[in-house]
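Structure, as structure tokens:
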Amino acid sequence: MSGPARYGEGADPYGERAGEAPGPYGEDATGGAESATGGAAGGTGEGSGAGVLCVRFRLSREPGAPDLLPALLATVEGLTPLVQALPPDTALADVRGARRYFGRDVAELAALVRVRTLALHGVVCAIGVGPTPLIARMAAREARFGATVTVTEDGLAAYLDRKPVIALPGVGPATARTLCSYGLDSAGRVAAAPLGTLQRILGARAGRELRARAHGIDPTPVTPDALSRALSAHRAFDRDELDRDRQRRALLSLTEELGTRLRAEEQVCASLQLTVRYADRSTTVRSRALPEPSAHTRALTAAAYGLHEALGLQRARVRGLVLRAEGLRPAAGAAHQLSLDPEDDKAHRLEAAADRARRRFGAGAVVPGTLAA
């Protein structure tokens with residue numbers, strides 16, 4: 001490869017040249033970074049401002065497949081201690097300190113991650129590089145497995161300018177339709193819109209947050225050891241799923257799985273995070289705090305259904321759902337609001353009986369009637 005291809009000058013949006021396939025270790029294994037923004041990350045990488053990696057691992061979705069994410073996180077932690085898990089298959093890594101420590105630029109560190117995960121675990125990954133976690137995650141969604149998409153600080157405005165507004169994290173189909181009806185169909189137009197206009201359309205907080213994302217602003221730090229404080233489960237659909245009832249059935253199976261795991265580990269969670277993956281590889285992430293920390297499937301299901309309903313997906317082509325239980329804490333120390341409703345006590349006793357049956361006869365011994373149909 002003679003040099004880095006620039007976005008819009010013969011390179012496709014995934015950072016790969018037409019007609020060239022990635023080598024066995026990926027496109028940038030020798031340290032030549034493909035830049036999706038018109039600026040290559042070269043030299044020491046100090047001037048590019050790109051120091052966050054978002055790594056997507058190609059993991060098996062089969063039910064009996066081993067959970068390789070903890071081992072893959074440990075491999076990335078060999079370069080930097082600032083590694084945050086984003087289950088089921090993604091990690092964020094802040095490598096700004098690692099660039100100085102190892103004397104390598106960000107592209108060489110990304111290539112090193114790809115080589116190590118492939119050599120040690122047989123797992124191929126796609127990497128997005130950016131100045132903030134938000135931009136790194138957007139770049140990772142565009143990256144093909146075995147390749148890296150790099151967004152530099154200098155090229156950030158050009159990268160975001162023509163992105164469809166739905167590509168911004170936190171913008172779902174319903175919000176995108178609303179913005180497009182006002183002519184705000186791209187991230188560049190949202191960034192150029194007055195703050196007051198966005199706040200009148202979406203509300204004060206949502207408008208302010210959206211405008212910040214359209215400018216690539218993300219104050220969220222990379223938080224290490226997030227995997228130990230959360231549990232997640234995912235369901236991938238065999239095809240684009242438009243049926244809301246089937247999506248709700250998948251959510252029910254996810255809350256059943258998470259509730260069973262939480263109770264088995266004697267933990268409760270404070271909130272749920274729902275990630276919806278669409279056919280175009282974009283995602284929407286929403287979170288909701290529970291009324292009180294809980295491990296009961298009934299409470300988890302109500303919160304998950306509420307998150308799903310609030311998205312207003314309608315005819316969105318959904319490819320997968322990830323439900324994450326966050327804010328884990330020991331169940332013994334969690335407060336519980338007493339209830340005079342006999343149905344609540346009955347549901348808890350039935351849940352305990354179902355857990356005993358699962359421990360004795362297997363996870364599929366007791367399932368909700370909706371899932372058994």
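All values below come from the heavy atoms of this structure, side chains included, with hydrogens, waters and symmetry mates left out. For reference, positions follow the sequence shown, starting with 1.
Taking Arg213 as the reference, Leu134, Glu209 meet the side-chain contact (heavy atoms from CB on, under 4.5 Å) condition, with sequence neighbours excluded. Among residues two or more places apart in sequence or in another chain, the side-chain hydrogen bond (donor to acceptor under 3.5 Å, both in side chains) test is passed with Thr301 by Thr255. Remark: Glu257 engages Ala233, Arg235, Arg261 in a side-chain contact (heavy atoms from CB on, under 4.5 Å) (not counting sequence neighbours). Under the side-chain hydrogen bond (donor to acceptor under 3.5 Å, both in side chains) criterion, His215 pairs with no residue, sequence neighbours left out. Scanning for side-chain contact (heavy atoms from CB on, under 4.5 Å) contacts around Ala193 gives Leu184, Leu198, with sequence neighbours left out. Judged as a salt bridge (Lys or Arg N to Asp or Glu O under 4.0 Å), and not counting sequence neighbours, the contacts of Asp185 are Arg189. Under the salt bridge (Lys or Arg N to Asp or Glu O under 4.0 Å) criterion, Asp218 pairs with no residue at all, not counting sequence neighbours. With sequence neighbours excluded, no residue forms a side-chain hydrogen bond (donor to acceptor under 3.5 Å, both in side chains) with Thr175. Taking Arg244 as the reference, Glu309 meet the salt bridge (Lys or Arg N to Asp or Glu O under 4.0 Å) condition, with sequence neighbours excluded. For Asp240, the side-chain hydrogen bond (donor to acceptor under 3.5 Å, both in side chains) partners are Arg317, Arg319, not counting sequence neighbours. In this view, Arg286 satisfies the salt bridge (Lys or Arg N to Asp or Glu O under 4.0 Å) rule with no residue, not counting sequence neighbours.
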Exercise for review: Kindly determine whether Leu160 and Val151 satisfy side-chain contact (heavy atoms from CB on, under 4.5 Å), including the steps that lead there.
Suggested key: CA-CA 10 Å; Leu160 289 171; Val151 180; over 6 Å; no
Practice item. Check the pair Leu92, Val52 against side-chain contact (heavy atoms from CB on, under 4.5 Å), reporting the backbone distance first and the verdict last. Key: CA-CA 7 Å; Leu92 284 173; Val52 179; 4.2 Å; yes
Practice item. Using the side-chain contact (heavy atoms from CB on, under 4.5 Å) rule, take Leu53 and Val106 through it: C-alpha gap first, then chi angles, then the decisive distance, then the call. Key: CA-CA 8 Å; Leu53 307 183; Val106 69; 3.8 Å; yes
Point to revise | Leu79/Tyr101 under side-chain contact (heavy atoms from CB on, under 4.5 Å): CA gap, chis, key distance, verdict | key: CA-CA 9 Å; Leu79 296 179; Tyr101 183 83; over 6 Å; no
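Atoms CG and OG1, from Leu262 and Thr297 in turn, are 9.0 Å apart once rounded to the nearest 0.5 Å. Separation of atoms CG (Leu86) and CD (Gln84) is listed at 5.0 Å; rounding is to 0.5 Å. Rounding to the nearest 0.5 Å places SG of Cys269 at 5.0 Å from CG of Leu300. Here Met138 contributes atom CE and Cys54 contributes atom SG; the two are 11.5 Å apart, rounded to the nearest 0.5 Å. Rounded to the nearest 0.5 angstrom, Phe237 CZ and Arg246 CZ are separated by 9.5 Å. Here the CD1-CG distance, from Ile127 to Leu112, works out to 9.5 Å after rounding to the nearest 0.5 Å.
No single ILVMFWY cluster, assembled from side-chain heavy atoms under 4.5 Å apart, contains both Phe57 and Val322. Note on Leu311 and Leu252: same hydrophobic cluster, where clusters join Ile, Leu, Val, Met, Phe, Trp and Tyr whose side-chain heavy atoms are under 4.5 Å apart, directly or indirectly. Under the 4.5 Å side-chain heavy-atom criterion for grouping Ile, Leu, Val, Met, Phe, Trp and Tyr, Leu254 is not connected to Val285 through any hydrophobic cluster. At a threshold of 4.5 Å between side-chain heavy atoms, the hydrophobic network of Ile, Leu, Val, Met, Phe, Trp and Tyr places Leu195 and Leu210 in two separate groups. One hydrophobic cluster, built from ILVMFWY side chains closer than 4.5 Å, cannot hold both Leu321 and Leu242; they sit in different ones.
The two residues Arg141 and Thr283 have their closest heavy-atom pair at NH1-OG1, 3.6 Å. Shortest non-hydrogen contact noted between Ala289 and Ser271 is CA-CB, 3.8 Å. Between Leu323 and Leu258, the shortest heavy-atom distance links the atoms O-CD1, 3.6 Å. In terms of heavy atoms, Ala310 sits closest to Arg288 at CB-NH2, 4.3 Å. Considering every non-hydrogen atom in both Leu272 and Ala325, the closest pair reads CD2-CA, 3.9 Å. Residues Asp245 and Asp243 come closest through the heavy atom pair N-OD1, 2.8 Å.
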Which donor-acceptor pairs under 3.5 Å do the side chains of residues 176-183 make with protein atoms, sequence neighbours left out?
from, atom 1, to, atom 2, distance (Å)
Arg177, NH2, Gly312, O, 3.4
Thr178, OG1, Ala174, O, 3.1
Ser181, OG, Thr178, O, 2.5

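Looking at Arg263, its side chain does come within 3.5 Å of a backbone N or O of Ala295 through a donor-acceptor pair. In terms of modelled atom types and a separation under 3.5 Å, the side chain of Arg329 and the main chain of Ala270 share no donor-acceptor contact. Between the side chain of Thr117 and the backbone N or O of Arg114 there is at least one donor-acceptor pair closer than 3.5 Å. Between the Glu241 side chain and the Gln247 main chain, no donor and acceptor come within less than 3.5 Å of each other. Under a 3.5 Å cut-off, the side chain of Thr80 and the backbone N or O of Asp94 do form a donor-acceptor pair.
Of the options Ile217, Val129, Leu156, a side-chain contact (heavy atoms from CB on, under 4.5 Å) to Ile135 is made by Leu156 and by none of the others.
Proximity of Val222 to Pro133: side-chain heavy atoms (C-beta onward) are separated by under 4.5 Å at one or more points.
Side-chain polar atoms of Thr152 and Asp154 form no donor-acceptor pair below 3.5 angstrom.
With a 6.0 Å radius and a threshold of 12 heavy atoms from other residues, nucleotides or ligands, Arg137 has its CZ atom at or below the threshold.
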